[in-house]
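Keep in mind it's a predicted model, so treat the numbers as computed, not measured.
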Amino acid sequence: MSILWQLGYVIAVVLGLAYVILPKRIHTFGFEFLRRSSSDQSEESNTPVWLYRGLGVLFLFIGVTGFL
């Protein structure tokens with residue numbers, strides 16, 4: 001396995017851990033078009049948090065299976 005592939009798998013694991021552990025912080029740090037408008041913020045929704053956690057699990061899966 002080349003060094004570049006291994007580096008990609010390590011990055012996928014790190015991103016996956018960040019997305020699973022800190023989804024709210026990543027959501028506020030992310031792109032403006034992904035955030036809700038200020039009028040919608042009054043009614044909090046957990047949907048973005050769970051989407052980020054799901055994406056984190058996918059990154060973890062890709063990173064871990066890449067090493068196997």
Side-chain angles (χ1 to χ4, degrees):
M1 184 181 319
S2 73
I3 300 294
L4 191 57
W5 279 104
Q6 288 179 347
L7 181 64
Y9 292 134
V10 168
I11 290 172
V13 168
V14 170
L15 280 175
L17 287 174
Y19 274 51
V20 168
I21 295 171
L22 306 167
K24 285 187 180 182
R25 182 173 287 180
I26 292 173
H27 179 65
T28 58
F29 179 74
F31 296 108
E32 186 67 34
F33 68 88
L34 293 176
R35 288 189 220 128
R36 300 167 61 148
S37 67
S38 60
S39 63
D40 290 339
Q41 287 180 357
S42 61
E43 50 188 52
E44 284 293 320
S45 173
N46 287 332
T47 303
V49 171
W50 286 106
L51 287 175
Y52 280 112
R53 284 186 179 149
L55 187 60
V57 169
L58 179 64
F59 278 137
L60 284 172
F61 179 76
I62 291 169
V64 169
T65 57
F67 285 117
L68 299 179

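A distance of 10.0 Å separates OH of Y9 from CG of L68, quoted to the nearest 0.5 Å.
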What side-chain donor-acceptor pairs closer than 3.5 Å can you find for residues 10-17, not counting sequence neighbours?
none

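Both F67 and W5 belong to a common hydrophobic cluster when Ile, Leu, Val, Met, Phe, Trp and Tyr are linked at side-chain heavy-atom distances under 4.5 angstrom. Taking hydrophobic clusters as Ile, Leu, Val, Met, Phe, Trp and Tyr residues chained together by side-chain heavy-atom distances below 4.5 Å, Y52 shares a cluster with L58.
Residues meeting the ring-ring contact (aromatic ring centres under 6.0 Å, His included) test with F59, sequence neighbours left out: Y19. T65 pairs by the side-chain hydrogen bond (donor to acceptor under 3.5 Å, both in side chains) definition with nothing, not counting sequence neighbours.
Counting non-hydrogen atoms of other residues, nucleotides and ligands closer than 6.0 Å to CG of L4 gives a total of 12 or fewer.
What you find for K24 and V49 is that their closest heavy atoms are CG-CG2, 3.6 Å.
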